[in-house]
Number of protein chains: 2
Amino acid sequence: MNATRATELLRSAELRATTQRVLLLATLIAEAKPLSVDDLGLRTKNSLDTATIYRTLETFKEKGLVRRVDLDQGRALYEHAGEHHHHIVCTKCGTIRDLDICLPKTLQNQVREESRFAHVNQHALEFFGVCKKCV
Amino acid sequence: MNATRATELLRSAELRATTQRVLLLATLIAEAKPLSVDDLGLRTKNSLDTATIYRTLETFKEKGLVRRVDLDQGRALYEHAGEHHHHIVCTKCGTIRDLDICLPKTLQNQVREESRFAHVNQHALEFFGVCKKCV
DNA sequence: ATCCAGATGCAAATGGTTTGCATCTGGATA
DNA sequence: TATCCAGATGCAAACCATTTGCATCTGGAT
(Lines give C-alpha, C1' and ligand atoms only; values in the text may rest on other atoms or scores of the structure.)
Protein backbone atom coordinates (compact mmCIF):
# COMPACT_ATOMS: atom_id res chain seq x y z
CA MET A 1 0.00 0.00 0.00
CA ASN A 2 1.15 3.50 -0.81
CA ALA A 3 -0.65 5.11 2.09
CA THR A 4 2.26 4.67 4.47
CA ARG A 5 4.71 5.86 1.83
CA ALA A 6 2.46 8.85 1.16
CA THR A 7 2.28 9.64 4.86
CA GLU A 8 6.05 9.53 5.13
CA LEU A 9 6.43 11.84 2.16
CA LEU A 10 3.94 14.29 3.62
CA ARG A 11 5.75 14.28 6.94
CA SER A 12 9.10 14.98 5.34
CA ALA A 13 7.52 17.75 3.32
CA GLU A 14 6.26 19.21 6.60
CA LEU A 15 2.64 18.86 5.64
CA ARG A 16 -0.16 17.63 7.85
CA ALA A 17 -1.03 14.10 6.84
CA THR A 18 -4.76 14.49 6.47
CA THR A 19 -6.97 11.71 5.13
CA GLN A 20 -7.45 13.58 1.89
CA ARG A 21 -3.79 14.30 1.29
CA VAL A 22 -2.73 10.76 1.99
CA LEU A 23 -5.39 9.46 -0.35
CA LEU A 24 -4.44 11.84 -3.15
CA LEU A 25 -0.72 11.29 -2.88
CA ALA A 26 -1.12 7.52 -2.63
CA THR A 27 -3.27 7.60 -5.75
CA LEU A 28 -0.72 9.64 -7.65
CA ILE A 29 2.01 7.22 -6.61
CA ALA A 30 -0.06 4.17 -7.50
CA GLU A 31 -1.12 5.38 -10.92
CA ALA A 32 2.37 6.62 -11.76
CA LYS A 33 1.19 8.73 -14.65
CA PRO A 34 -0.20 12.21 -15.20
CA LEU A 35 -3.75 12.53 -13.90
CA SER A 36 -6.32 15.27 -14.22
CA VAL A 37 -8.36 16.60 -11.35
CA ASP A 38 -11.30 14.62 -12.69
CA ASP A 39 -9.23 11.46 -12.87
CA LEU A 40 -8.24 11.96 -9.25
CA GLY A 41 -11.85 12.53 -8.30
CA LEU A 42 -12.93 9.28 -9.92
CA ARG A 43 -10.06 7.24 -8.56
CA THR A 44 -10.87 8.42 -5.07
CA LYS A 45 -14.53 7.56 -5.59
CA ASN A 46 -15.64 11.19 -5.49
CA SER A 47 -14.95 11.25 -1.80
CA LEU A 48 -13.00 14.49 -2.15
CA ASP A 49 -14.27 17.91 -2.95
CA THR A 50 -12.95 19.36 -6.20
CA ALA A 51 -11.70 22.48 -4.49
CA THR A 52 -9.77 20.31 -2.07
CA ILE A 53 -8.11 18.47 -4.91
CA TYR A 54 -7.06 21.71 -6.57
CA ARG A 55 -5.77 23.20 -3.35
CA THR A 56 -3.97 20.03 -2.39
CA LEU A 57 -2.27 19.68 -5.75
CA GLU A 58 -1.11 23.26 -5.53
CA THR A 59 0.32 22.60 -2.08
CA PHE A 60 2.01 19.42 -3.31
CA LYS A 61 3.50 21.29 -6.23
CA GLU A 62 4.97 23.94 -3.98
CA LYS A 63 6.57 21.24 -1.89
CA GLY A 64 7.87 19.42 -4.93
CA LEU A 65 5.77 16.33 -4.31
CA VAL A 66 4.07 16.54 -7.67
CA ARG A 67 4.84 18.06 -11.02
CA ARG A 68 2.37 19.71 -13.30
CA VAL A 69 2.35 18.56 -16.90
CA ASP A 70 0.73 20.52 -19.68
CA LEU A 71 -0.02 18.07 -22.42
CA ASP A 72 -3.58 18.90 -22.88
CA GLN A 73 -4.84 22.35 -23.64
CA GLY A 74 -7.83 22.75 -21.40
CA ARG A 75 -6.94 21.01 -18.21
CA ALA A 76 -3.92 20.40 -16.11
CA LEU A 77 -2.37 17.05 -15.35
CA TYR A 78 -0.31 16.18 -12.30
CA GLU A 79 2.10 13.35 -11.69
CA HIS A 80 4.03 12.20 -8.66
CA ALA A 81 7.42 13.87 -8.91
CA GLY A 82 9.97 11.15 -9.46
CA GLU A 83 12.92 11.54 -11.80
CA HIS A 84 12.90 14.23 -14.44
CA HIS A 85 11.51 12.77 -17.66
CA HIS A 86 9.32 13.58 -20.62
CA HIS A 87 6.25 12.14 -22.33
CA ILE A 88 4.84 11.11 -25.63
CA VAL A 89 1.11 11.42 -26.16
CA CYS A 90 -1.02 9.56 -28.65
CA THR A 91 -3.08 12.21 -30.41
CA LYS A 92 -5.84 9.68 -31.10
CA CYS A 93 -6.45 7.88 -27.83
CA GLY A 94 -4.65 10.19 -25.43
CA THR A 95 -2.40 7.52 -23.98
CA ILE A 96 0.64 9.00 -22.29
CA ARG A 97 3.92 7.14 -22.11
CA ASP A 98 6.95 8.16 -20.13
CA LEU A 99 10.17 8.65 -22.02
CA ASP A 100 13.51 8.05 -20.44
CA ILE A 101 15.26 10.69 -22.49
CA CYS A 102 16.36 14.23 -21.90
CA LEU A 103 17.92 17.13 -23.73
CA PRO A 104 21.64 16.94 -24.40
CA LYS A 105 23.73 19.35 -22.35
CA THR A 106 25.03 20.93 -25.53
CA LEU A 107 21.55 22.01 -26.49
CA GLN A 108 20.89 23.42 -23.04
CA ASN A 109 24.10 25.43 -23.24
CA GLN A 110 23.14 26.62 -26.68
CA VAL A 111 19.88 27.92 -25.23
CA ARG A 112 21.74 29.68 -22.45
CA GLU A 113 23.88 31.51 -25.01
CA GLU A 114 21.29 32.22 -27.65
CA SER A 115 18.59 33.36 -25.26
CA ARG A 116 20.79 35.84 -23.44
CA PHE A 117 18.69 35.13 -20.39
CA ALA A 118 20.26 35.48 -16.99
CA HIS A 119 19.10 32.01 -15.99
CA VAL A 120 17.54 29.08 -17.77
CA ASN A 121 15.80 27.04 -15.14
CA GLN A 122 13.68 24.41 -16.75
CA HIS A 123 12.24 23.10 -19.94
CA ALA A 124 9.12 21.33 -21.11
CA LEU A 125 9.49 18.74 -23.81
CA GLU A 126 6.58 16.67 -25.03
CA PHE A 127 6.18 14.51 -28.07
CA PHE A 128 3.02 13.77 -29.98
CA GLY A 129 2.34 10.85 -32.25
CA VAL A 130 0.15 7.84 -32.87
CA CYS A 131 0.53 4.69 -30.81
CA LYS A 132 0.45 1.24 -32.35
CA LYS A 133 -3.09 0.51 -31.25
CA CYS A 134 -4.37 3.59 -33.05
CA VAL A 135 -2.62 3.23 -36.39
CA MET B 1 1.76 46.79 -44.86
CA ASN B 2 0.95 43.20 -44.09
CA ALA B 3 -2.64 43.39 -45.25
CA THR B 4 -1.79 42.48 -48.83
CA ARG B 5 0.48 39.70 -47.67
CA ALA B 6 -2.27 38.45 -45.38
CA THR B 7 -4.78 38.54 -48.21
CA GLU B 8 -2.45 36.52 -50.41
CA LEU B 9 -1.94 33.96 -47.70
CA LEU B 10 -5.67 33.65 -47.14
CA ARG B 11 -6.27 33.18 -50.84
CA SER B 12 -3.68 30.45 -51.14
CA ALA B 13 -5.17 28.78 -48.09
CA GLU B 14 -8.53 28.86 -49.88
CA LEU B 15 -10.12 31.05 -47.26
CA ARG B 16 -12.37 34.01 -47.88
CA ALA B 17 -10.41 37.18 -47.26
CA THR B 18 -12.81 38.93 -44.94
CA THR B 19 -11.97 42.20 -43.23
CA GLN B 20 -11.62 40.39 -39.91
CA ARG B 21 -9.36 37.64 -41.18
CA VAL B 22 -7.07 40.02 -43.01
CA LEU B 23 -6.82 42.18 -39.92
CA LEU B 24 -6.06 39.25 -37.63
CA LEU B 25 -3.53 37.62 -39.89
CA ALA B 26 -1.80 40.93 -40.62
CA THR B 27 -1.58 41.56 -36.89
CA LEU B 28 -0.08 38.14 -36.24
CA ILE B 29 2.47 38.71 -38.99
CA ALA B 30 3.31 42.19 -37.76
CA GLU B 31 3.77 41.24 -34.12
CA ALA B 32 5.73 38.13 -35.00
CA LYS B 33 5.32 36.62 -31.57
CA PRO B 34 2.80 34.49 -29.73
CA LEU B 35 -0.34 36.48 -28.90
CA SER B 36 -3.34 35.66 -26.77
CA VAL B 37 -6.91 36.24 -27.84
CA ASP B 38 -6.96 39.27 -25.57
CA ASP B 39 -3.77 40.61 -27.11
CA LEU B 40 -5.34 40.27 -30.53
CA GLY B 41 -8.47 42.01 -29.33
CA LEU B 42 -6.48 44.97 -28.04
CA ARG B 43 -4.22 45.22 -31.06
CA THR B 44 -7.26 45.33 -33.32
CA LYS B 45 -8.82 48.02 -31.14
CA ASN B 46 -11.60 45.75 -29.95
CA SER B 47 -13.16 45.92 -33.38
CA LEU B 48 -13.53 42.15 -33.46
CA ASP B 49 -15.83 39.97 -31.47
CA THR B 50 -14.09 37.50 -29.19
CA ALA B 51 -15.94 34.57 -30.67
CA THR B 52 -14.78 35.63 -34.10
CA ILE B 53 -11.19 35.68 -32.95
CA TYR B 54 -11.46 32.20 -31.50
CA ARG B 55 -13.17 30.81 -34.57
CA THR B 56 -10.76 32.50 -36.92
CA LEU B 57 -7.71 31.26 -35.09
CA GLU B 58 -9.09 27.75 -35.18
CA THR B 59 -9.61 28.05 -38.93
CA PHE B 60 -6.12 29.44 -39.41
CA LYS B 61 -4.68 26.60 -37.40
CA GLU B 62 -6.41 24.00 -39.53
CA LYS B 63 -4.98 25.63 -42.61
CA GLY B 64 -1.53 25.85 -41.11
CA LEU B 65 -1.46 29.64 -41.11
CA VAL B 66 -0.89 29.86 -37.39
CA ARG B 67 0.53 27.65 -34.73
CA ARG B 68 -0.76 27.31 -31.23
CA VAL B 69 1.78 27.63 -28.44
CA ASP B 70 1.10 26.48 -24.91
CA LEU B 71 3.41 28.43 -22.69
CA ASP B 72 0.89 29.65 -20.31
CA GLN B 73 -1.45 27.46 -18.36
CA GLY B 74 -4.75 29.23 -18.60
CA ARG B 75 -4.87 30.72 -22.04
CA ALA B 76 -3.70 29.85 -25.48
CA LEU B 77 -1.22 31.80 -27.55
CA TYR B 78 -1.03 31.84 -31.31
CA GLU B 79 1.76 32.88 -33.64
CA HIS B 80 2.04 33.22 -37.39
CA ALA B 81 3.40 29.91 -38.61
CA GLY B 82 6.82 30.61 -40.04
CA GLU B 83 9.74 28.28 -39.54
CA HIS B 84 9.64 25.65 -36.84
CA HIS B 85 11.25 27.07 -33.72
CA HIS B 86 10.97 27.11 -29.96
CA HIS B 87 10.69 29.68 -27.18
CA ILE B 88 12.09 30.75 -23.89
CA VAL B 89 9.83 32.48 -21.43
CA CYS B 90 10.80 34.75 -18.58
CA THR B 91 8.93 33.47 -15.56
CA LYS B 92 8.96 36.93 -14.00
CA CYS B 93 7.84 39.32 -16.73
CA GLY B 94 6.43 36.87 -19.24
CA THR B 95 8.61 37.99 -22.12
CA ILE B 96 8.83 35.38 -24.84
CA ARG B 97 11.89 35.10 -27.07
CA ASP B 98 12.22 32.91 -30.12
CA LEU B 99 14.99 30.35 -30.12
CA ASP B 100 16.62 29.26 -33.30
CA ILE B 101 17.36 25.77 -32.05
CA CYS B 102 15.79 22.40 -32.46
CA LEU B 103 16.13 18.86 -31.25
CA PRO B 104 18.97 16.81 -32.67
CA LYS B 105 17.86 14.07 -35.05
CA THR B 106 19.48 11.48 -32.80
CA LEU B 107 17.15 12.40 -29.99
CA GLN B 108 14.14 12.24 -32.25
CA ASN B 109 15.16 8.79 -33.41
CA GLN B 110 15.69 7.76 -29.83
CA VAL B 111 12.11 8.78 -29.11
CA ARG B 112 10.85 6.82 -32.08
CA GLU B 113 12.54 3.69 -30.76
CA GLU B 114 11.86 4.08 -27.09
CA SER B 115 8.24 5.11 -27.45
CA ARG B 116 7.32 2.20 -29.68
CA PHE B 117 4.76 4.50 -31.23
CA ALA B 118 3.79 3.95 -34.85
CA HIS B 119 4.46 7.59 -35.66
CA VAL B 120 6.04 10.51 -33.88
CA ASN B 121 4.70 13.61 -35.53
CA GLN B 122 5.66 16.61 -33.54
CA HIS B 123 7.13 17.92 -30.35
CA ALA B 124 6.74 20.88 -28.06
CA LEU B 125 9.85 22.29 -26.45
CA GLU B 126 9.78 25.37 -24.29
CA PHE B 127 12.34 26.80 -21.94
CA PHE B 128 11.73 28.85 -18.83
CA GLY B 129 14.11 31.17 -17.12
CA VAL B 130 14.73 34.74 -16.01
CA CYS B 131 15.66 37.44 -18.50
CA LYS B 132 18.37 40.01 -17.81
CA LYS B 133 15.91 42.78 -16.99
CA CYS B 134 14.33 40.71 -14.26
CA VAL B 135 17.40 39.44 -12.45
C1' DA C 1 -8.62 15.53 26.85
C1' DT C 2 -8.15 20.20 25.06
C1' DC C 3 -7.19 23.47 21.69
C1' DC C 4 -6.40 26.05 17.42
C1' DA C 5 -3.97 26.94 12.97
C1' DG C 6 -4.62 25.06 9.14
C1' DA C 7 -7.56 21.92 6.09
C1' DT C 8 -11.96 20.78 4.15
C1' DG C 9 -16.68 21.11 2.08
C1' DC C 10 -20.02 23.72 0.00
C1' DA C 11 -21.59 27.08 -3.01
C1' DA C 12 -20.89 30.97 -5.57
C1' DA C 13 -17.81 33.55 -8.49
C1' DT C 14 -14.29 33.85 -12.20
C1' DG C 15 -12.30 33.69 -16.67
C1' DG C 16 -11.15 31.53 -20.89
C1' DT C 17 -13.50 29.30 -24.55
C1' DT C 18 -17.55 27.52 -27.15
C1' DT C 19 -22.07 27.57 -29.18
C1' DG C 20 -26.90 28.83 -31.06
C1' DC C 21 -28.92 31.80 -33.90
C1' DA C 22 -30.17 35.85 -36.60
C1' DT C 23 -27.91 38.94 -39.61
C1' DC C 24 -24.39 40.27 -42.81
C1' DT C 25 -20.96 39.92 -46.69
C1' DG C 26 -17.21 38.18 -50.02
C1' DG C 27 -16.87 36.83 -54.25
C1' DA C 28 -18.91 33.77 -57.77
C1' DT C 29 -22.35 34.17 -61.28
C1' DA C 30 -25.26 36.04 -64.78
C1' DT D 1 -22.67 45.96 -62.22
C1' DA D 2 -26.67 43.73 -59.72
C1' DT D 3 -27.99 39.38 -57.61
C1' DC D 4 -27.41 35.65 -54.64
C1' DC D 5 -26.12 32.44 -50.97
C1' DA D 6 -22.71 29.60 -48.37
C1' DG D 7 -20.05 30.83 -45.19
C1' DA D 8 -18.56 34.51 -41.71
C1' DT D 9 -19.70 37.57 -38.03
C1' DG D 10 -21.81 39.66 -33.78
C1' DC D 11 -24.28 39.07 -29.78
C1' DA D 12 -25.64 36.75 -25.84
C1' DA D 13 -25.97 32.76 -23.38
C1' DA D 14 -23.87 28.44 -22.21
C1' DC D 15 -19.79 25.65 -20.78
C1' DC D 16 -16.21 24.03 -18.07
C1' DA D 17 -11.92 24.15 -15.59
C1' DT D 18 -10.34 26.53 -11.77
C1' DT D 19 -10.57 29.79 -7.79
C1' DT D 20 -12.41 31.92 -3.75
C1' DG D 21 -15.18 33.23 0.61
C1' DC D 22 -16.69 31.42 4.55
C1' DA D 23 -18.39 28.35 8.13
C1' DT D 24 -17.14 23.99 10.01
C1' DC D 25 -14.00 20.32 11.00
C1' DT D 26 -9.57 17.94 12.42
C1' DG D 27 -4.47 16.60 12.91
C1' DG D 28 -1.30 16.70 16.04
C1' DA D 29 0.93 19.62 19.52
C1' DT D 30 0.30 20.67 24.39
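In what follows, chains are A, B, ... by sequence order, proteins preceding strands, each numbered from 1.
In this structure, A:Leu40 places its CG atom 14 Å from P of D:dA17, rounding to the nearest Å. Residue B:Glu14 contributes atom CD, which lies 11 Å from atom P of C:dA28 at whole-angstrom precision.
Within 4.0 Å of B:Ser47, counting heavy atoms only, lie sugar-phosphate atoms of the nucleic acid but no base atom. Nucleic acid contact for A:Arg21: sugar-phosphate only, since backbone atoms but no base atoms lie under 4.0 Å from a heavy atom of the residue. Note on B:Thr59: nothing from the nucleic acid sits closer than 4.0 angstrom, heavy atoms only. If you check every strand for non-hydrogen atoms under 4.0 Å, A:Arg75 touches sugar and phosphate atoms only.
Among D:dA12, C:dA11, D:dG7, the nucleotide with an atom closest to any side-chain atom of B:Arg16 is D:dG7.
Judged purely by atom type and a 3.5 angstrom limit, A:Ser36 has no side-chain atom pairing as donor or acceptor with the backbone of A:Leu77.
Contact of B:Arg55 with D:dG10 (side chain to base): a donor-acceptor pair of N or O atoms is detected under 3.5 Å.
For B:Arg55 and B:Glu58, the salt-bridge test fails: no basic side-chain N is under 4.0 Å from an acidic carboxylate O.
Within a 6.0 Å radius of CG in A:Asp100, other residues, nucleotides and ligands contribute 12 heavy atoms or fewer.
Across the strands present, D:dT30 finds its partner in C:dA1; the criterion is a Watson-Crick or G-U wobble pair with both atom distances under 3.5 angstrom. The base-pairing partner of C:dG6, taking Watson-Crick or G-U wobble contacts with both distances under 3.5 Å, is D:dC25.
Checking each of A:Gln122, A:Arg67, A:His123 against A:His84 for a side chain to side chain donor-acceptor pair (under 3.5 Å) leaves exactly one that passes, namely A:His123.
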